[in-house]
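A short write-up of the structure that comes next.
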Amino acid sequence: MKSDIVSQYKGIYIAMYSAYDEAGNVDKERVKKLARYYVGKGIKGLYVGGSSGEGILQNAAERKQVLEAVMEEVKGELTIIVHVGANSTRESVELSKHAEACGADIISAVPSIYYRLPEAAVETHWQHMIDSTNLPFIIYNIPQTTGFTLSTSLLAKLAKQDKVVGVKMSGESTFELQQYKETGGENFLVFNGPDEQFLAGRIMGADGGIGGTYGVMPELFVKLNTLFMENHIEEAQVLQTKINGIIKKLLGYPSLYGACKHILSLRGIETGAPRLPLLPVRPEHHASLAELNREIEETVAQHTGA
Ligand SMILES: CC(=O)N[C@@H]([C@@H](O)[C@H](O)[C@H](O)CO)[C@@H](O)CC(=O)C(=O)O
């Protein structure tokens, strides 16, 4: 399975937001509209139900609804990676099997959270998911939220299996990212997680990126990736700096997801508010978000001509 894994799956993946109706229930039609919005933007695929997708705030039935809507809308047009991690191994396995039944391309998971688990427990948790389907598996390392840092020794052990094809590295250390790439080897995918460090992550060996802020500016990350591949590093650095100015503003709202969802609504893509305890933006934020949306559109126009 691993022979051409990098060329098959490398690229830009939007960590997709979930879409709810006004009462806060998953709205499949809104999910479909959001997924459709991303087709044709040059991305490789979508990462569904991850941090940005609030999978961890949804029950299993809701997570299935979101994935089903995505698959009904864009199956075959975009590569779909599904975050199936839940606190219990049992539910994670249930979601893994559902992802396979839906025709998703890859499954991925964080460790179980809340309990401070030893490495052997996290390994067992992931292994049950890996064994439950024939799909490739991507380890999701996000130590700042889970409290668990993937060690290179555990990675080396897991990566011996054909089905374990990569790591989504959302930790901030590009040194660790490089170590994961070296440990996994040539035919092992490493995705950059921190959007602010996309270019740095690529330089240190990442094969692409998976990010939440891509959802409001996919064109800029696709362009940044192209600039890197074509070795236009100075121009790439200029663009990353502009992107970071935008991200810094997005991070200044009550929640990042609330801000991004509001920006999408300004483009006619309604996704509802983020789910509590993630806070929505308030009416007093609307004017500055409209201004930020204009800034994104101008940056896209400047750098892509679109
Ligand atoms: C810690 C965190 O949430 N990191 C995000 C970034 O996209 C992040 O939102 C961005 O870099 C802004 O800080 C992603 O790595 C997470 C992600 O891809 C996901 O939604 O699963």
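Reckoned from all heavy atoms, side chains included, excluding hydrogens, waters and symmetry mates. Everything numeric here is computed off the predicted structure, so don't read it as measured data. Atoms within a ligand are numbered from 1 in the order they appear, just like the ligands themselves.
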Heteroatom proximity flag, A15 to ligand 1, N/O under 3.5 Å: no
Side chains of Y140 and S51, donor plus acceptor under 3.5 Å: yes
Side chain, backbone, both or neither: P194 near ligand 1, heavy atoms under 4.0 Å: backbone
Ligand 1 to E196 polar contact by distance, N or O atoms, under 3.5 Å: yes
Closest approach of any protein heavy atom to atom 10 (C) of ligand 1, naming residue and atom: D195 OD2, 3.4 Å
Counterpart residues, side-chain hydrogen bond (donor to acceptor under 3.5 Å, both in side chains), relative to E182 (two or more places apart): Q178
Pairing residues for D207 by the side-chain hydrogen bond (donor to acceptor under 3.5 Å, both in side chains) criterion, not counting sequence neighbours: K181
Y140, portion touching ligand 1 at heavy-atom distance under 4.0 Å: side chain
Residue part near ligand 1, for I142, under 4.0 Å between non-hydrogen atoms: side chain
Option nearest atom 1 (C) of ligand 1 (shortest heavy-atom distance, choices E172, K248, Q144): Q144
Min N/O separation L251 to ligand 1 under 3.5 Å: no
Under 3.5 Å: N/O of S51 near N/O of ligand 1: yes
Per-residue contact class, H83 against ligand 1 - non-hydrogen pairs under 4.0 Å: neither
Taking atom 15 (O) of ligand 1 as the reference point, the nearest protein heavy atom with its distance: S170 OG, 2.7 Å
Proximity to ligand 1 by part of T145, non-hydrogen separation under 4.0 Å: neither
Option with minimal heavy-atom separation from atom 17 (C) of ligand 1, where the choices are E54, M169, K168: K168
Co-membership, hydrophobic cluster, residues F198 and F175, 4.5 Å side-chain: no
